[in-house]
Amino acid sequence: MGVQLYLSAGLVGLVWLVWIALNYHDRESMRMAREVDDRLRKSAELLSTIPGSLRR
């Protein structure tokens, strides 16, 4: 009975850690995607200010 309790507690702990890791990964991915979108938008705005004669 004691071994089952330890195994169950270990399994619950493992599932909990995996859940936290996946949530953190998703949050970081969303943050990076927003940062890339912001940089692309700023680059597009900057490129639109360059006169047509200087563009290739």
Side-chain angles (χ1 to χ4, degrees):
M1 180 74 179
V3 174
Q4 267 187 328
L5 181 65
Y6 285 121
L7 288 176
S8 297
L11 183 59
V12 168
L14 180 63
V15 168
W16 183 70
L17 286 174
V18 168
W19 183 75
I20 288 175
L22 289 176
N23 280 339
Y24 178 77
H25 182 264
D26 288 345
R27 203 172 304 140
E28 283 297 304
S29 295
M30 286 175 29
R31 184 189 63 80
M32 288 177 66
R34 279 193 303 269
E35 186 175 316
V36 168
D37 287 345
D38 190 42
R39 288 183 183 189
L40 286 173
R41 183 183 50 77
K42 287 179 182 178
S43 295
E45 289 173 0
L46 183 62
L47 284 173
S48 68
T49 63
I50 297 173
S53 60
L54 295 178
R55 294 184 199 167
R56 290 186 177 204

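For the numbers below, each heavy atom of this structure counts, side chains included, while hydrogens, waters and symmetry mates do not.
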Please check if the number of heavy atoms outside Arg39 that lie under 6.0 Å from its CZ is greater than 12. no

Near Gln4 CD, under 6.0 Å, is it more than 12 heavy atoms from other residues, nucleotides or ligands? no

Does Val18 reach the side chain of Val15, with side-chain heavy atoms less than 4.5 Å apart? no

Below 4.0 angstrom, N of the basic side chain to O of the carboxylate: do Glu45 and Lys42 qualify? no

Is any NZ, NE, NH1 or NH2 atom of the basic residue among Asp37 and Arg34 found under 4.0 Å from an Asp or Glu carboxylate oxygen of the other? no

Would you give the length of the straight line joining atom CG of Leu40 to atom CD of Glu35, rounded to the nearest 0.5 angstrom? 11.0 Å

Inter-residue atom distance Ile50.CD1 - Leu47.CG, 0.5 Å rounding: 5.0 Å

Quick check on the hydrophobic clustering: are Met30 and Met32 connected, directly or via other members, by side-chain heavy-atom contacts under 4.5 Å? no

